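Small disclaimer: the values here were computed from a predicted structure and weren't measured. Numbering starts at 1 and runs along the sequence shown. These numbers come from the heavy atoms of this one structure, side chains and all, not from hydrogens, waters or symmetry mates.
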Amino acid sequence: MLADAAAQRNDLDALQAYAPRAEAIATQCGHPLYLAIARRALSVAHRLAGEHAESAARLAQSLSLFEELGARWQQGRTWLEMGELARVQQETAAARSHFERARALFEEMGARPDAERAEASLNALP
């Protein structure tokens with residue numbers, strides 16, 4: 001939970017402290033949901049550190065796990081992070097696509113605050 005909270009705040013120091021431990025514990029316990037959350041948190045740490053290839057790899061791992069689990073809200077949050085990575089890389093079309101995918105998932109679930117967050121990310125694009 002600490003790694004996920006740090007990811008939401010874009011707190012690189014906390015991510016570096018908590019995310020690797022979260023991944024190790026989730027792996028040891030064989031808990032795929034927590035493993036996917038930890039990997040998404042690690043992706044944010046990599047993005048913040050400018051390590052875009054590593055960030056993309058972690059996002060792909062976490063999205064795959066969330067899809068296997070049918071965790072749609074977590075998928076939406078991962079699509080948001082994929083949009084952020086694309087935005088940082090100045091890949092506007094990809095960012096728009098990722099944010100739209102997140103918004104659609106959130107709207108389907110009635111997750112209004114998250115849908116609004118995705119909409120705000122879309123509106124912030126050039």
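Counting only residues at least two apart or on different chains, the salt bridge (charged side-chain N to carboxylate O under 4.0 Å, His left out) pairs with a member in residues 9-29 are R9-D11, E23-R39, E23-R58.
Here CZ of R40 is found 11.0 Å from CG of L65. Values are rounded to the nearest 0.5 Å. We find the OG1-CZ distance between T78 and R101 to be 11.5 Å, quoted to the nearest 0.5 Å. Of the inter-residue distances, the one linking Q74 atom CD with S62 atom OG reads 9.0 Å to the nearest 0.5 angstrom.
Annotation for V44: hydrophobic cluster partners, listed by chain and number, are L12, L15, L48 (ILVMFWY side-chain heavy atoms under 4.5 Å, direct or chained). Other members of the cluster containing L59 are L63, W73, W79, L80, M82, L85, F99, L105, F106, M109, L122, L125, with ILVMFWY side chains joined at under 4.5 Å, either directly or via other members.
For the pair Y18/D4, no side-chain contact is recorded, criterion being any heavy-atom separation below 4.5 Å from C-beta on. Two residues are said to be in side-chain contact when any heavy atoms from C-beta on lie closer than 4.5 Å; E81 and R47 meet this criterion.
The two residues S43 and S55 have their closest heavy-atom pair at O-OG, 2.8 Å. Here the closest non-hydrogen pair linking A7 and A41 is CB-CA, 4.0 Å. Looking at every heavy atom in both residues, Q75 comes nearest to G70 through NE2-C, 4.0 Å.
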Candidate pair I25 and Y34, rule side chain to side chain contact (heavy atoms under 4.5 Å, CB included), full reasoning: CA-CA 9 Å; I25 292 167; Y34 290 155; over 6 Å; no
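For E108, the salt bridge (Lys or Arg N to Asp or Glu O under 4.0 Å) partners are R72, not counting sequence neighbours. Looking at residues two or more places apart in sequence or on another chain, you find a side-chain hydrogen bond (donor to acceptor under 3.5 Å, both in side chains) between E51 and H46. With sequence neighbours excluded, the residues satisfying salt bridge (Lys or Arg N to Asp or Glu O under 4.0 Å) with R87 are E84.
R103 has no carboxylate O lying under 4.0 Å from a charged side-chain N of D114, or vice versa, which leaves the two without a salt bridge.
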